[in-house]
Amino acid sequence: MVNRAVENVVDTVVDDVTQLAPKDVRRNIKKSVREARKNAAEGNYKPEKITPALPDSNAPENKPRSIDESDLMYRGSAPAGSRMAYPHEYHSDNMSPQESYMLTKIAQMRELEICVRGFGIVKRAIELTIVEQGDFMAQVEDDFPRAAYCALATPVYAAMSNSQLRTFFTWRTDARRGVYIRTDKPYIMLYCFELLNKIGENESIKAFDKLLEVWEGCKEFAPYLNELMPRWLKDFYAFNDVTEKYPDIKAVLGESEADINEREFTAFESGDYANKLDFLAGNSAYDIKGSAFYSDDKRDLIEAACEAALNALHDYFSKRGIELAELVCGKLKKDYTWTPFKDAIVNLDTADGFKPIRISAAERYCVKRGEPALELFDFSPSRGFIGYLLKSVEAELRIKTGYGRRLTVKLDMVKNDFANRTKLMEAISAPEFVEVIPKAVGEFCAANGIKPPQKPEKNKIDNDAYSYTRERVEIDVSKLKEIRERSDRLTELLIIDNEEDPEDDFEPSEIADQIHEEEFSELIGELKEELSSHEEDELPLRAENPFFEDLDTDWKTFANALIPLQLGALKALLDGTFKAYSRQHDRLPETIIEEINTEALAAFGDVVIENGEIIPDYLEEITKIVKASA
């Protein structure tokens, strides 16, 4: 048997030289390694001498440098009665048979990393090495008495010390028996790498079963597998044939966070628009659930109206070759960041072969330009478009249910989402687009008997009972003189003169006795009769302001009913100078607000000012009125 110490020295020489030596030295390595192995086999090992191909000008002397065991050790001397088994490790000469076997096996495994080509020694690619070394150690079992700590970012056999490798093989022995003991992350990851390469499990289905078992067995102390394993298993599913046992991988992996968006996309793609309020509200630029109109009682109404609106939009966009599902949810796109078995080390030559498969409606493996590709659903809802949809539905429901405050919907919400998208811009710029949602909601309300409650008509005049005629008004001067005289008499009766006897105190009953009831009633009656016989002429109607023509009918009525003082008050409310404006005109703020709200109630049944501020729902219309009246 080749002396183990010599083997380890050779391994160390190879590691050091291939990593640190200049290029011009590497062509001498082949010869040196062969001589070292020959000497070791004959038992007359001597330190190797490697002569640089070119003199080193920085060296103190231009002499060949000798390499012996002391050059390969860590700082300090080896412990007494021990020998180096692997760089940085020493083992006792009194080893057990199991330990001796494992160290020999590990040493042989390490040699598989080296490949002699031409005049130099190179290391194989890591994907090739892990498979070759893994197959070599596939059936090894161990019972290492301690657990060596490991913190490698990329765990591979060649990077581990002997103690770490023995710790791994011991843990793997237990794992293959179904016993998963808490251990360091690199050991679990390396075992997953083995299974992904089907090391120790030649059949794809068995390797897939074992991966699922590892995920389940380690979930309590390895939460990082929850992020890595789903993608690895899907990649394994695409590169290996396991469909006989697992025809639907999605059923195996369960529902993920992305599956929620996928379900909505699938529903929209199939034309199922029922019960979509929560999804729409969660991805909308308009917060319908924060609206004053929204309540639990109205939820079912709003949801049903949204369904009617979505059906109408589906028909509208379908005629123009546009998918509504893509506008609301997004669409499948190639994932350019995907590489098979990301964060794992896998030799794809060990796989059965890639095949295009459909994981779900929102995830599929395909071939692009002759290479495997992954297409994932790009969840990118058009928040502005969804906001326009919800706001339009609410605006129409406010009208149909007789809700006081109106809501104005701007098409700009959609234009911002669809900028630089010609087909979509043409679709929403068509005059009929703005009527799609109101018409759909209106038809829905009509079909379900939804209409505003009947309001009692105010100050209704029966035209059959009354007729209006304008009479000529004449003033009789003599009559006015008589009225004036009776008025003076009445004044004298009401005035109490205390100057004659200031000490006299009159009771109310005594004062009343001074006024004869018959005379008082007679005077009042005559005055009432005289005054009521004369009526004021009819006031002319206010002319409508042509600047208010762009407003809706109700708002136009309201705007034309306002006097300049009230229009100025609205402007002051917008500017934040309302209190100063009220003082300037010697009016109480409350009085002005009450007058404005009275006109608004008469025009469209709601106030426009609350708590000294214009209601946000009406801010746009008030701004238009103020600008038009300026």
Peer 1: Whether the side chain of Lys276 engages the backbone of Ala274 through a donor-acceptor N/O pair (distance < 3.5 Å, no angle test) should be reported.
Peer 2: yes
Peer 1: Is a donor on one side and an acceptor on the other found under 3.5 Å between the side chain of Arg383 and the backbone of Ser284?
Peer 2: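 A pair under 3.5 Å: yes.
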Peer 1: Listed by chain and number, what are the salt bridge (Lys or Arg N to Asp or Glu O under 4.0 Å) partners of Asp241, not counting sequence neighbours?
Peer 2: none
Peer 1: Once salt bridge (Lys or Arg N to Asp or Glu O under 4.0 Å) is applied, what residue pairs with a partner in residues 333-344 remain, sequence neighbours excluded?
Peer 2: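 Checked against salt bridge (Lys or Arg N to Asp or Glu O under 4.0 Å) - neighbours excluded - the pairs reaching residues 333-344 are Lys333-Asp378.
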Peer 1: Taking side chain to side chain donor-acceptor pair (under 3.5 Å) as the criterion, tell me which of Asn347, Thr350, Asp352 meets it with Lys198.
Peer 2: Asp352
Peer 1: Do any pairs count as a side-chain hydrogen bond (donor to acceptor under 3.5 Å, both in side chains) and have a residue in residues 428-444, sequence neighbours left out, and if so which ones?
Peer 2: Arg320-Glu432
Peer 1: Between Phe208 and Lys245, is there a cation-pi geometry (under 6.0 Å to ring centre, at most 45° from the normal)?
Peer 2: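 Not satisfied by the 6.0 Å and 45° rule.
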Peer 1: For Glu216, enumerate each residue passing the salt bridge (Lys or Arg N to Asp or Glu O under 4.0 Å) test, keeping only those at least two apart in sequence or located in another chain.
Peer 2: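 For Glu216 the salt bridge (Lys or Arg N to Asp or Glu O under 4.0 Å) partners, ignoring immediate neighbours, are Lys219.
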Peer 1: Can Tyr294 and Glu394 be counted as having a side-chain donor-acceptor contact under 3.5 angstrom?
Peer 2: no
Peer 1: Output all residues satisfying salt bridge (Lys or Arg N to Asp or Glu O under 4.0 Å) with Lys410, sequence neighbours left out; order by chain, then residue number.
Peer 2: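 Partners of Lys410 by the salt bridge (Lys or Arg N to Asp or Glu O under 4.0 Å) criterion come out as none, since no residue qualifies.
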Peer 1: For Lys571, look at atom NZ and say whether over 12 heavy atoms of other residues, nucleotides or ligands are found less than 6.0 Å away.
Peer 2: no
Peer 1: Without swapping roles, check the side chain of Tyr237 against the backbone of Tyr246 for a donor-acceptor pair under 3.5 Å.
Peer 2: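 Looks like yes, one N/O pair under 3.5 Å.
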Peer 1: Verify, without hydrogens or angle tests, whether Tyr286 (side chain) and Ser392 (backbone) share a donor-acceptor contact under 3.5 angstrom.
Peer 2: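 Between the backbone of Ser392 and the side chain of Tyr286 there is no qualifying donor-acceptor contact (under 3.5 Å).
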Peer 1: Considering only residues two or more places apart or on different chains, which pairs with a residue in residues 353-372 satisfy ring pair (Phe, Tyr, Trp, His ring centres under 6.0 Å)?
Peer 2: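 The answer is Phe239-Phe354, Trp338-Tyr365.
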Peer 1: Side chain of Glu201, backbone of Lys206: donor and acceptor closer than 3.5 Å?
Peer 2: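 Such a contact is absent between Glu201 side chain and Lys206 backbone.
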Peer 1: For Trp215, is there any backbone N or O sitting under 3.5 Å from a side-chain donor or acceptor partner on Tyr180?
Peer 2: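 No; zero donor-acceptor contacts below 3.5 Å.
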Peer 1: Do side-chain atoms of Lys355 reach the backbone of Asn240 as a donor and acceptor pair under 3.5 angstrom?
Peer 2: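 Here the side-chain-to-backbone pair exists.
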Peer 1: Is the side chain of Ser380 donor-acceptor paired with the backbone N or O of Gly330 at a distance under 3.5 Å, no angle test?
Peer 2: no
